[in-house]
Amino acid sequence: MYSSTVMDHFRSPRNVGDLPDADGVGNAGNPISGNTIALYLRIADGTVTDAKFRTFGCAASIAASSMVTEWLIGRTTEQAAAIENKTIADALGGLPPTKMHCSAMAADGVRTAIEDYRNRQDANPKDEYEAGKRQSY
Amino acid sequence: MYSSTVMDHFRSPRNVGDLPDADGVGNAGNPISGNTIALYLRIADGTVTDAKFRTFGCAASIAASSMVTEWLIGRTTEQAAAIENKTIADALGGLPPTKMHCSAMAADGVRTAIEDYRNRQDANPKDEYEAGKRQSY
Amino acid sequence: MASIYLDHNATTPVRPEVYDAMEPFFRVRFGNASSIHRYGQEARSAVEEARSRVAGLVNARPSEIYFTSGGTESDNLALKGIAYTRRAFGRHIITTNIEHSAVLNSCGFLEREGFEVTYLPVDEYGRIDPGQVADALTDHTILISIMHANNEIGTVQPVGEIGRIARDNGVCFHTDAVQSAGKLPVDVEAMHADLLSLSGHKIYGPKGVGAIYIRNGVEIEPTAHGGHHENDVRSGTENTVGIVGLGKAAELAAEEREREFRNLSEMRDALEARIRFEIDGVRINGHPERRLPGTLNVSFSGAEGDSLIMSLDLAGIAVSTGSACTSGAIEPSHVLLALGRDPRTALGSVRFSFGHDNTMEDVDYVMSRLPGIVSRLREVSAAQVPG
Amino acid sequence: MASIYLDHNATTPVRPEVYDAMEPFFRVRFGNASSIHRYGQEARSAVEEARSRVAGLVNARPSEIYFTSGGTESDNLALKGIAYTRRAFGRHIITTNIEHSAVLNSCGFLEREGFEVTYLPVDEYGRIDPGQVADALTDHTILISIMHANNEIGTVQPVGEIGRIARDNGVCFHTDAVQSAGKLPVDVEAMHADLLSLSGHKIYGPKGVGAIYIRNGVEIEPTAHGGHHENDVRSGTENTVGIVGLGKAAELAAEEREREFRNLSEMRDALEARIRFEIDGVRINGHPERRLPGTLNVSFSGAEGDSLIMSLDLAGIAVSTGSACTSGAIEPSHVLLALGRDPRTALGSVRFSFGHDNTMEDVDYVMSRLPGIVSRLREVSAAQVPG
Ligand SMILES: Cc1ncc(COP(=O)(O)O)c(C=O)c1O
Ligand SMILES: Cc1ncc(COP(=O)(O)O)c(C=O)c1O
C-alpha cells in the first residue's frame with residue numbers, strides 16, 4: 001500500500017514540533033472533519049532555514065508533512081511557494097491515488113506558511129530586497 | 001434423489017410391452033411435449049389378470065408405470081378405477097415433490113384403461129352382471 | 001514479530017473444522033447440485049445438510065434458508081426484494097442511521113427509485129427505542145430493517161420488541177444478524193423476524209457465501225434471476241464448497257456460542273478496563289452492556305485512527321477504524337457521528353474485535369504497545385488537539 | 001465401477017494448481033482485502049494479481065474487471081445495470097431466444113419493469129445472423145446481449161460482427177462468455193464488447209465466483225449496493241479465496257487453450273462419429289463447425305433424456321440433458337425448441353461435454369454402454385415412438 005519511504009517517514013517523522021518564533025506559519029486541511037497540518041517555518045535571506053510540523057492525520061499525511069519539512073529546508077521562498085503536490089508524492093516514492101490529498105494538504109501548508117511569511121514581511125519589512133522582489137510579481 | 005424401489009423398477013421394469021388383444025387400453029400424459037404412458041389390461045370377471053405398459057418418460061415415470069402394472073394384477077376394476085396418485089408414489093417408497101406428476105400420469109393411465117374397458121363393455125356387454133353393476137353408479 | 005489479529009468483525013479465518021468439511025467438494029464431490037447424476041446428487045445432499053445446519057443456528061426451518069454470496073447480497077435481496085414485491089401496498093421503509101452500508105445503500109437506491117425511507121436516529125449508545133419505530137409507521141410502511149448488532153460499536157438493538165411491532169402492524173421485519181450470529185442468541189421466532197441476513201466469513205466460514213432467512217409465505221422478488229436455483233429466490237450455480245463451509249461454521253457457532261460469549265467478553269472487558277486506566281483522553285463508543293461480547297470501539301482524542309491502525313500494524317496488531325473502508329478517503333464513521341461524536345473524535349477511533357483464537361496474553365501485548373503509540377501520535381499532532 | 005464425468009458444461013472440478021493457489025487464503029492470508037493492516041494488504045495484493053490474470057484471459061485492462069459471485073450475477077449486472085443506467089435514452093434491448101436463463105430471466109424482469117425486449121430467433125444450427133441484429137435496432141435500443149457460445153449445443157455466435165454493429169450504432173454490447181472462456185479465443189477488443197460475463201466453475205476454478213468485464217467509461221448501476229467494493233460496481237467483502245482461484249484458473253485457461261481445443265475436439269468428434277455410426281435414429285444438435293470443442297448434444301428418438309441420463313449414471317457415466325435443471329419438471333429445452341426440434345425430440349436429448357481429464361478411453365467406455373441403454377429405453381417406450 002505505502003512505499004518504504006512513506007513508512008519510514010511515518011515511523012520516524014522528521015521535524016515534529018513547533019517554532020515559537022516562526023517567520024511563517026501555515027495551517028491547512030479541514031479542522032472540523034479531516035486531516036490538518038500546522039507548518040512552522042524559519043526564513044532568512046529568502047531561504048527556509050528551519051521547518052517543523054504538527055499533523056493530525058493518517059500515515060500518509062504524517063509522512064507527507066515530515067517529507068515536506070525536509071524538502072523545505074534550504075529552499076528559497078519562491079521555490080517553496082511554487083511547490084506542487086506531486087513533488088511531495090514523488091519524493092515519498094509515490095502515494096496511492098486515494099491518498100494524494102495528503103500530499104496536497106502538505107503543499108497547501110507550505111503555500112499558506114509562505115503567504116503568512118510574506119504578509120508579515122509586507123506589514124513589517126525587515127528585508128527590503130525581499131519585499132521589493134516580491135512586489136515585482 | 002430416488003428411493004431404491006424407484007431405481008429397481010427403473011433398472012428392471014416389470015411388464016414392459018403390449019397386449020394385442022387387451023380388454024382395456026389407457027393412454028395418458030402429454031404426447032406432444034411430455035411423458036406418455038400406454039397401459040394395456042386384460043380383465044376377467046371384473047379383475048385385472050394381466051397388465052403391460054410402454055412409457056416414454058423419465059426414470060420416475062417408468063418406475064411408476066412398472067409399479068402400477070404389478071399393483072393392478074389381481075385388483076378389481078373398482079379398485080383400479082379408484083386408484084390414487086399417492087398410492088403409487090407410496091408403493092415406490094416416495095417420490096420427490098417435483099416428480100409426483102409421474103405417479104399422476106400412471107394413475108391417469110389406469111383410469112383411462114378402465115374407462116376404455118367399460119366403454120367396450122357398454123358397447124358389447126358379454127358380462128351382464130358387470131354391465132348392470134356399473135349402471136348402478 | 002508479534003502477529004495478533006483483533007479485527008474479527010471485519011473477517012475471520014476459516015476454522016480447521018470448516019476447512020476439513022469443505023475440502024472434498026473442490027475436486028472430488030465437485031458436481032453441480034442441480035445435475036441429476038450422482039455427482040449432482042452428492043452436491044445436493046451436502047447443500048441440503050448445510051441448509052439444516054444454518055436453519056438450526058437461527059431456529060428456522062430448512063426451507064426458509066436460502067444461500068447467497070454474502071451478507072451484502074442478503075441485505076440487498078431483503079430490502080429490494082420486499083420493496084419490489086410490496087410496492088403496490090406502499091413505498092415506505094423504516095431503518096436506522098447506523099445500519100451497514102449494504103442496507104443504507106440499498107435504501108439509497110430505492111429512494112432513487114421512488115421509495116421513501118425513514119432513517120431513525122439512535123441515542124448516544126447507538127440504541128433505537130422501539131417506540132421510535134412505532135411512531136415512524138405510516139399506512140404505507142412495507143418494511144422495517146434494523147440490524148441486530150452493529151459492526152462498528154457492537155450495540156445490540158431490541159429486535160424482539162421491534163419485530164413485535166412490525167408483526168402487529170402487518171409490516172415485514174428484516175434484521176441484519178451478520179455480526180451477532182455465533183455471538184448472541186439469534187432466533188427468528190423470538191425476534192418475529194420475517195427476513196434475516198447472515199454471512200459466512202464473520203463466523204469462521206468462507207468469504208463469498210451467506211444466507212438469508214425468509215419466513216415461509218413471505219414473497220420476494222429475486223435480485224439474481226436465472227436458473228431457478230434456491231427455490232427461485234436466488235439463481236446461480238450453488239457454491240457447494242462455500243455452502244458446506246457456512247453450514248459447518250453455523251453448526252460450530254451454535255454449539256460454542258455460550259462459551260464464546262464468555263471468552264470474548266472477558267478479553268474485551270480486560271482490554272477496556274486497562275485502556276481506561278492506562279490511557280488518558282479515551283472514550284468508549286457503544287452501549288456499556290447491550291453490546292457484542294468481543295467488540296471494543298475507543299476514541300483517543302488527538303490521535304487519528306488510520307495512523308493508530310498503521311502504528312499498531314507495525315507492532316504486529318491488526319485492528320481497524322470500524323468498517324473496512326474501501327475508498328481510502330478519510331471520512332468520519334457514520335455510526336460514530338450518529339452517536340453524536342464530533343467528527344474529530346470520530347476520526348480518532350479504533351475498533352478492537354476479539355475472536356476465537358485470542359487470549360489474555362494478546363490483551364497484555366496490546367497494552368504493552370498501545371499507550372506508547374497513542375502518546376507518540378499525540379505528540380505529532382499536539383497543537384491540533386482540540387480541548 | 002466406472003466413473004466418467006462428461007458434464008463439464010455444467011461444472012468442472014477445481015484443478016490442483018488452482019486449489020494450491022487458493023489454499024493459503026483460507027486460514028493464513030485470510031484478511032479482508034479492504035482492511036488497511038497487513039492481513040488486508042496481503043489479501044488486496046492477491047485480489048489485484050487475480051484481476052490482472054482474468055484481464056489477460058479476455059484481453060482487457062485490469063481496471064475493467066470486476067469480481068462477482070458467478071456467471072448468473074455477471075449476467076444480471078450487465079442486463080439490469082445497463083438498463084437502469086441508460087433508461088433515459090431508451091428502453092429497448094435485443095437478445096436471442098437461446099440465451100442462458102440468467103440473461104432470459106433478467107430480461108423477463110426488465111420487461112415487467114417496462115423495458116421492451118426483442119428475442120431474436122436462431123437458425124436450425126442455433127446461429128444468429130448479424131443482419132438480424134442490425135434489423136432489430138431501433139432508436140430506443142440501449143443494449144444488445146448475445147452469448148458467445150451456447151451451453152447446451154455449443155453453437156458459437158458471430159460476436160465480432162455483432163459487436164461491430166453495436167459499436168457503429170452507439171449501443172452497448174454484452175456477451176456471455178461463460179462457456180467459451182478457456183475453449184475459444186475471447187478478446188473484448190476483437191468482439192467490440194462493452195461487457196462480458198465469466199464464471200469460475202466452468203473453467204476449473206471454484207464455484208461462487210465470477211467476473212464481469214466492463215469497458216472503461218461504461219457507467220453501470222450496481223445490483224449489489226454496499227461498501228463500495230470493486231470500484232463501487234459490486235459491493236460485498238471480496239471472496240479472496242474464490243478470486244485467487246478464478247485468477248489462477250484464468251491463467252491456466254489462457255495458457256492451455258489451444259491444446260485444450262485440440263484435445264476436446266478430438267474426443268468429441270470421435271464420440272460423435274461413433275454415435276452416428278452405431279446408433280440409429282440420432283440427430284446432432286448445434287452447428288457442425290462453429291461449435292464449442294467439447295460439446296456434443298444428441299437427440300435419440302424414442303428415448304427420453306432424463307431416463308438416458310439416469311441409465312448412463314447407473315453405468316458410471318455423468319452427462320446431462322442440457323442445462324442443469326433445478327425445477328425437476330420435465331420441459332423440453334428452450335434451446336432445442338428454438339432450433340425447430342419438436343418437443344418430443346427435444347425431450348430425447350443428451351449433452352456430452354468433455355473436459356480436461358477425459359481420454360479416448362472414456363469415449364470407448366461410453367460406446368460400450370450407450371447403444372444398449374438407448375435400445376432398452378426404446379423397448380420400454382416402443383409404442384410411443386413417433387415415426
Ligand atoms: C452488519 C453487517 N452487515 C453486512 C455485512 C456485509 O457482509 P459481507 O461482507 O458478507 O458482504 C457486514 C460485513 O461486512 C456487516 O458487518
Ligand atoms: C452460458 C452460461 N451463462 C451463465 C451461466 C451461469 O453461471 P453460474 O453458474 O456461475 O451462475 C452458465 C452456467 O450455469 C452458462 O452456461
Side-chain angles (χ1 to χ4, degrees), chain C residues 5 7 10-14 16 19 26-28 30-32 34-40 69-73 75-76 100-102 105-106 108-109 199 201 206-209 223-229 235-242 306 309-310 312-313 318-320 323-327, chain D residues 5 7 10-14 16 19 26-28 30-32 34-40 69-73 75-76 100-102 105-106 108-109 199 201 206-209 223-229 235-242 306 309-310 312-313 318-320 323-327:
Chain C
Y5 187 76
D7 201 11
T11 195
T12 59
V14 166
Y19 182 77
F26 284 104
R27 293 192 280 161
V28 184
F30 66 87
N32 184 319
S34 303
S35 297
I36 61 180
H37 46 64
R38 86 191 55 176
Y39 293 87
S69 67
T72 297
E73 185 185 335
D75 285 344
N76 274 262
H100 188 268
S101 55
N105 291 335
S106 291
F109 169 77
S199 177
H201 73 100
K207 296 176 183 43
V209 67
T223 50
H225 295 88
H228 309 292
H229 306 80
S235 290
T237 298
E238 288 88 346
N239 172 4
T240 327
V241 166
D306 178 88
I309 287 170
M310 218 60 175
L312 286 164
D313 188 37
V319 299
S320 73
S323 62
C325 163
T326 53
S327 66
Chain D
Y5 187 75
D7 202 11
T11 196
T12 58
V14 167
Y19 181 78
F26 284 105
R27 291 190 283 161
V28 184
F30 66 87
N32 184 320
S34 303
S35 297
I36 61 181
H37 48 62
R38 87 191 53 177
Y39 293 86
S69 68
T72 296
E73 186 184 335
D75 285 345
N76 273 263
H100 188 267
S101 55
N105 291 334
S106 291
F109 169 77
S199 177
H201 73 101
K207 296 176 183 42
V209 67
T223 51
H225 295 87
H228 310 291
H229 306 80
S235 290
T237 299
E238 288 88 345
N239 172 3
T240 328
V241 166
D306 178 270
I309 286 169
M310 218 61 176
L312 286 164
D313 188 37
V319 299
S320 74
S323 62
C325 162
T326 52
S327 65

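Below, read A as the first sequence line, B as the second, and so on, with proteins coming before strands; counting in each chain starts at 1.
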Task: When C:S235, C:G40, C:G242 are compared by non-hydrogen pairs under 4.5 Å with chain D, the top option - done: C:S235

- [ ] Name the option with the most non-hydrogen atom pairs under 4.5 Å to chain D; the candidates are C:V28, C:D75, C:V319, C:V241.
- [x] C:V319

TODO: Select one option (side chain, backbone, both, neither) describing which atoms of D:N105 are under 4.5 Å from chain C's heavy atoms.
DONE: both

- [ ] Quick one: list whatever passes salt bridge (Lys or Arg N to Asp or Glu O under 4.0 Å) with C:R38, sequence neighbours left out.
- [x] D:D313

TODO: Look at D:G31, D:G226, D:G208 and state which one has the largest set of heavy-atom pairs under 4.5 Å with chain C.
DONE: D:G226

Open item on the list: Please classify the contact between C:T12 and chain D as side chain, backbone, both or neither, with a heavy-atom cut-off of under 4.5 Å.
Closed with: backbone

Open item on the list: Please classify the contact of C:Y39 with chain D as side chain, backbone, both or neither, using a heavy-atom distance under 4.5 Å.
Closed with: side chain

- [ ] Return yes if some donor-acceptor pair links the side-chain N/O of D:K207 with the main-chain N/O of C:F30 below 3.5 Å, else return no.
- [x] yes

TODO: Determine the minimum heavy-atom distance between D:T223 and C:N76, stating which atoms define it.
DONE: O-OD1, 3.5 Å

Task: Toward chain D, the part of C:S106 with a non-hydrogen atom under 4.5 Å - done: both

Open item on the list: Can you give me the closest heavy-atom contact between C:T11 and D:N32, atom names plus distance?
Closed with: CG2-N, 3.4 Å

Task: C:Y5 vs D:H37 side-chain heavy atoms within contact, under 4.5 Å - done: yes

Open item on the list: Is the shortest side-chain heavy-atom distance between C:H228 and D:S101 below 4.5 Å?
Closed with: no

TODO: Can you sort out the partners of C:T72 under side-chain hydrogen bond (donor to acceptor under 3.5 Å, both in side chains), two or more places apart, ordered by chain and number?
DONE: none

